[in-house]
Amino acid sequence: MPIVLDGKSVAAQIKADLSTRVAALKRQGIQPGLGTLLVGSDPGSVKYVAGKHADCAEVGITSIRRDLPADATESQIVQAVDELNADPACTGFIVQLPLPVGVDELSVIARIDPGKDVDGMHPYNLGELVLHTSGEIATPLPCTPRGVLTLLDHYGIGLDGKEVCVLGRGITIGRTIGLLLTRRNVNATVTLCHTGTKDVREHMRRADVIIAAMGSAGFVTPDDIKPGAVLVDVGVSRVWDEQAGRYRIKGDVDKACYAKAGAYTPNPGGVGPMTRAMLLANVVEIAERAAAR
């Protein structure tokens, strides 16, 4: 039977540990705070941000919200970023993406104080990840890649010498997870596939681990994987269910693959909860590092 990589269960354990650490910080007079900057009312983004603040309440982290209308100008967005940078109650914050058409997302991300970048997406923090192939990294790590590796480690799935096929080259997972996978303490061999990759299914068939982050529902089929492969499904697509008369969330991995796999993440319930848990972990770690100075 394949192993179900239960992100909900592991995230709950992580949040329990974080609650204890937040309580210890409060005894030192330090109250961690997570800020969010949401522009517009995209349903997915609104739901995701609400989930982050619910997580904060669960572990004792203060929530700081900045909501702007969809027609906010780039200068107004930058001003909100500057306010969160300057707010001493805000340990770290995220700018919820996507931003409205016409706004330079990279410029906005670059405006974030690297020390408050709990998404790990600031150019400085990504640069630290590039430079440090071994040893401790004292800057925030990208949440989804970190969550994937933490989940695999929890279930004792070693990656040393393994062939890992990453599907998708987005900055939040595809391009960044390779940096973590090739660190010396992980030691995986990574193939990054994208829309320009020839014979992508041949790459998948050779892989010990497939990390699918394309946003293409059911792209990975049973014929694409070898027996015992580990399947990590990061993709999220809204697919209309004719029978139910509503949209459903579907991942990049066809569920028919599960019986052939050695382990897999359910979707939903696999990587998503881990991403949110890692966001909280980044906040707490920033606060702990400040307390140790």
Side-chain angles (χ1 to χ4, degrees), residues 1-11 13-14 120 125-126 128-194 197 200-214 219-220 224-235 251-253 257-258 260-267 269-279 281-282 285:
M1 290 291 290
I3 300 169
V4 180
L5 306 176
D6 185 351
K8 283 186 179 179
S9 173
V10 178
Q13 295 175 47
I14 291 169
N125 293 330
L126 290 176
E128 286 288 294
L129 180 55
V130 170
L131 291 172
H132 290 83
T133 58
S134 60
E136 182 180 356
I137 301 176
T139 50
L141 294 174
C143 297
T144 301
R146 183 183 180 187
V148 168
L149 267 64
T150 301
L151 184 59
L152 294 174
D153 182 68
H154 177 87
Y155 283 94
I157 297 174
L159 297 172
D160 189 353
K162 296 293 179 67
E163 295 274 352
V164 180
C165 178
V166 178
L167 304 175
R169 55 183 163 187
I171 190 65
T172 57
I173 173 72
R175 296 178 68 184
T176 47
I177 196 166
L179 297 172
L180 287 174
L181 288 166
T182 52
R183 298 192 80 235
R184 295 188 189 279
N185 65 326
V186 181
N187 227 28
T189 299
V190 180
T191 300
L192 175 58
C193 296
H194 46 76
T197 302
V200 63
R201 299 190 186 277
E202 285 300 318
H203 289 291
M204 288 192 279
R205 292 185 191 110
R206 290 197 300 269
D208 301 302
V209 180
I210 297 173
I211 300 174
M214 301 175 69
F219 182 83
V220 182
D224 300 325
I225 69 171
K226 67 181 184 181
V230 176
L231 307 177
V232 179
D233 193 353
V234 188
D252 288 354
V253 177
C257 295
Y258 295 170
K260 190 176 179 180
Y264 66 89
T265 60
N267 191 344
V271 176
M274 294 299 299
T275 297
R276 283 165 49 180
M278 293 302 101
L279 183 73
N282 280 345
E285 288 168 2

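Just so you know, these numbers use all the heavy atoms, side chains as well, and skip hydrogens, waters and symmetry mates.
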Practice problem: Could I get the full list of side chain to side chain contact (heavy atoms under 4.5 Å, CB included) partners for T139, not counting sequence neighbours? | Solution: Y124, N125, E128, I137
Quiz prompt | Sequence-distant partners of H154, side chain to side chain donor-acceptor pair (under 3.5 Å), two or more places apart | solution = none
Quiz prompt | Residues which pass side chain to side chain donor-acceptor pair (under 3.5 Å) with T176, listed by chain and number, not counting sequence neighbours | solution = none
Quiz item: Between CD of E163 and CE of M204, what distance do you get to the nearest 0.5 Å?
Solution: 14.5 Å
Practice problem: List for me each residue that meets side chain to side chain contact (heavy atoms under 4.5 Å, CB included) alongside N267, sequence neighbours excluded, and say none if there are none. | Solution: D233, I249
Quiz item: Within the distance-only criterion (no hydrogens, no angle test), does the side chain of K260 pair as donor or acceptor with the backbone N or O of G228 below 3.5 angstrom?
Solution: no
Quiz item: How long is the gap from CG on L179 to CG on L129, to the nearest 0.5 Å?
Solution: 4.5 Å
Quiz prompt | Which residues share a side chain to side chain donor-acceptor pair (under 3.5 Å) with T265, sequence neighbours left out | solution = none
Self-check item: Set of side chain to side chain contact (heavy atoms under 4.5 Å, CB included) partners for I157, sequence neighbours left out
Solution: L5, L152, Y155, V230, A263
Self-check item: Any residue meeting side chain to side chain donor-acceptor pair (under 3.5 Å) with K226, in chain and number order, not counting sequence neighbours
Solution: D208
Quiz item: If you measure from CZ on R183 to OG on S134, what distance do you get to the nearest 0.5 Å?
Solution: 6.5 Å
Self-check item: Counterpart residues, salt bridge (Lys or Arg N to Asp or Glu O under 4.0 Å), relative to R205 (two or more places apart)
Solution: E202, D224
Practice problem: Would you indicate whether the side-chain heavy atoms of F219 and L167 approach each other to under 4.5 Å? | Solution: yes
Quiz item: How would you list, by chain and number, every residue that makes a side chain to side chain contact (heavy atoms under 4.5 Å, CB included) with S9, sequence neighbours excluded?
Solution: D6, Q13
Quiz item: Under the salt bridge (charged side-chain N to carboxylate O under 4.0 Å, His left out) rule, what pairs show up with a residue in residues 136-162, not counting sequence neighbours?
Solution: R146-E285
